[in-house]
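All remarks here apply to the structure that follows.
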Amino acid sequence: MSDEAAEAPETPARPVLRVITPSATPEEVAAITAVFAALAAGSGEAPAKPKREWAAPARMHRPQLQAGRGAWRASALPR
């Protein structure tokens, strides 16, 4: 690369955002710029939806309850 090419000023790119309302305050311009910057920086992928277990078919199959002494206590224990 030559020295002249390294020292040449780059041409500015076209502005991405243009304010066409003459009465816009600097705070309004800063707010809308922040919104667009946040949208552009997004997380990429949407978060995975949690699995809904409330009406899962596996919950429909309940073990048969055993009658007898201490059965009420054992009914709450995992099997």
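Any value given below was found using the heavy atoms of this structure, including those in side chains, with hydrogens, waters and symmetry copies removed.
Under the side chain to side chain contact (heavy atoms under 4.5 Å, CB included) criterion, E53 pairs with K51, A56, not counting sequence neighbours. Take T25 and apply the side chain to side chain contact (heavy atoms under 4.5 Å, CB included) test, not counting sequence neighbours, and it matches E27, E28.
With hydrophobic clusters built from ILVMFWY side chains whose heavy atoms lie under 4.5 angstrom apart, I32 shares a cluster with L39.
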